[in-house]
Amino acid sequence: SAAPSTTVNVAIIGAGICGSSAASALAHAASNLSNQRTGSGSAASRSALLIDVYDQGRNGAGGRASHRALNERGERQQSTERVNETQMRWDHGCQFFRADTPQMKEQVNDWINEGLCEEWKGKFVRMGLGDSIGSSFFGMPSLGPFYVGVGGMHAIPQGLIDRACKTGFVNFLSGVRISDIERNANTNRWTLSGATGEAAYHDSSTTSKENITLPPGNSKQYDVVLLSDISSTTFGTWHRASANVPAKEFVEKVKQRLGARVPLFSAMVAYDTPVPTDASTITFSDDPTIWFASRSNHKPGLDSISMDCWTLISTPEYAMQQIDETPMQDPLTGAFMPQEKDYLSGVPGPDLERAFREALQHGNECRLDQLCRASYIHAQRWGSALPAFGGDAEKTKIISGVMYDSTKSSLAPTKKTLLDDNTLNFVADEDYKIIQAGDMVSVYTPGFEAAALSGADAAAYIVEKFLN
């Protein structure tokens, strides 16, 4: 444990809902500890705990709760900008979240009071046979309540990060990709390095690395590292998201907890005139390509946009087929292959939009000729969308050395899936002071709720083990 006079420096890699929940909880703990200390200088200067949060995203915090905003010319805008009617906007990962556990219900009440989220009360429909396992989508359409960030799902992680930074104990570094973490054998502390600028982004063709030094000119060392993205730990250095974690036994523990991962694609589609249905979401129970469709305009804070914007989520089966045909790793050189825009807007995007049209026609939701031509289509590959949950061994496949599972599972309600009370809601190595958190290693049903709980529990572990 750290001596009372020392400051414990924590690095959090990734600012999705897991990383932002951890940062929020640690900021709260730092505030309480600072209030117990007296002395001159700022609260941060006498703090027992300081936190740096790194995230490689273009638009601040978000992760799988990221949000995409484009102007009428299809040019990217900051998703934190105020919504205006000329924009196209989508939550292109997580579409909504659940609050089934007592801890999450309490947390959501706080977020609602802060204006970060609201209950989503739209018209949620199902098409196809509805009784099969996995026929719902995180409980959609019937097992609510469902919650969304106001103005986009990113509002919650970004709101938590903003609040944490205001305490003075948290520093947020956006547009930074950590590609190496090294442990100093003399100090037993961690040093991070990686890339900034265009090279930081997941879909960039730029590969150059720049050392991250904080503050400028000084190589900062961390006592504890918390990883919130499973790709940072489990992928080899060929992958853009790898942090090249050197603690091999820890990495193996993470891989064992994870097992296989479920891939998904999302398509962002905009129509000039509204799709002739009053549905807010549509769950497609038995379509081989499309699993779920979500309408941005029906979400709180996004109802002023003029174009009809839909996020279309693929089935895991379709995504696994695409990853097999268009892998993330060059089979000859072993190099990472970023998502090519021409491929995303030319293959999975149109595939999902076509499946959406045909499913609507087949289900008599609206006629094909009533559905105008899409004026914008793009897609996103989520290779590690979910951990496999109740998977089928016959639906697993190893692609580029990674185990994928195409099983559609029932993902609601959120509950403990590992009944052993001694199993942590994350993976930790107490000696190395390194932690992997997130729904990929959580003891709860996969999803936003599990990720938030894992991050908060990991923060409590850091306080208990390394500060008391």
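The chain is numbered in sequence order, starting from 1. These numbers come from the heavy atoms of this one structure, side chains and all, not from hydrogens, waters or symmetry mates.
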Taking all non-hydrogen atoms of both residues, which atom of W382 and which atom of S266 are closest, and how far apart? NE1-OG, 3.3 Å
Residues pairing under side chain to side chain donor-acceptor pair (under 3.5 Å) where one sits in residues 111-122, two or more places apart or in two chains, turn out to be E114-R163
Is atom CD of E317 surrounded by more than 12 heavy atoms (other residues, nucleotides or ligands) closer than 6.0 Å? no
Can you name the residues that form a side chain to side chain contact (heavy atoms under 4.5 Å, CB included) with R189, not counting sequence neighbours? N9, T187, Q221, D223
Would you say OH of Y343 has more than 12 non-hydrogen atoms from neighbouring residues, nucleotides or ligands within 6.0 angstrom? yes
Going by side chain to side chain donor-acceptor pair (under 3.5 Å), name the residues that satisfy it together with T233, two or more places apart in sequence or in a different chain. Q436
For H28, enumerate each residue passing the side chain to side chain contact (heavy atoms under 4.5 Å, CB included) test, keeping only those at least two apart in sequence or located in another chain. N32
Just to verify, what does F292 make a ring pair (Phe, Tyr, Trp, His ring centres under 6.0 Å) with, not counting sequence neighbours? F96, F137
Output all residues satisfying side chain to side chain donor-acceptor pair (under 3.5 Å) with H67, sequence neighbours left out; order by chain, then residue number. R89, D91
Mind jotting down which residue pairs meet the ring pair (Phe, Tyr, Trp, His ring centres under 6.0 Å) criterion with at least one end in residues 434-456? Sequence neighbours excluded, please. F97-F448
State, without any angle test, whether N425 and S442 hold a side-chain donor-acceptor pair at a distance under 3.5 Å. yes
Option passing side-chain contact (heavy atoms from CB on, under 4.5 Å) with P316 (candidates L386, D405, L264, T407): L264
Non-neighbouring partners of F426 that pass ring pair (Phe, Tyr, Trp, His ring centres under 6.0 Å), sequence neighbours left out: Y461
State which residues pass side chain to side chain contact (heavy atoms under 4.5 Å, CB included) with E249; sequence neighbours excluded, sorted by chain then number. none
Taking only residues two or more places apart in sequence, or in another chain, which ones meet D100 in a side chain to side chain donor-acceptor pair (under 3.5 Å)? R98, T414
Side chain to side chain contact (heavy atoms under 4.5 Å, CB included) against R295, all qualifying residues, sequence neighbours excluded: P274, V275, T277, N297, H298, D308, W310
In Å, rounded to the nearest 0.5 Å, how long is the span from OH of Y318 to CD1 of I313? 12.5 Å
Would you indicate whether the side-chain heavy atoms of P246 and I181 approach each other to under 4.5 Å? yes
Between SG of C309 and NZ of K299, what distance do you get to the nearest 0.5 Å? 11.0 Å
Between CD1 of I398 and CG of D324, what distance do you get to the nearest 0.5 Å? 12.0 Å
Taking S242 for the side chain and F235 for the main chain, is one N or O donor matched with an acceptor at less than 3.5 Å? yes
Evaluate the side-chain proximity of L424 to D457: yes if any heavy-atom separation is below 4.5 Å, no if none is. no
Given V8, which partner from the list L26, V224, I51 fulfils the side-chain contact (heavy atoms from CB on, under 4.5 Å) test? V224
Mark yes or no for whether K408, through its side chain, and W291, through its backbone, hold a donor-acceptor pair below 3.5 Å. no
Does T423 have any side chain to side chain donor-acceptor pair (under 3.5 Å) partners at least two apart in sequence or in another chain, and if so, which? D420
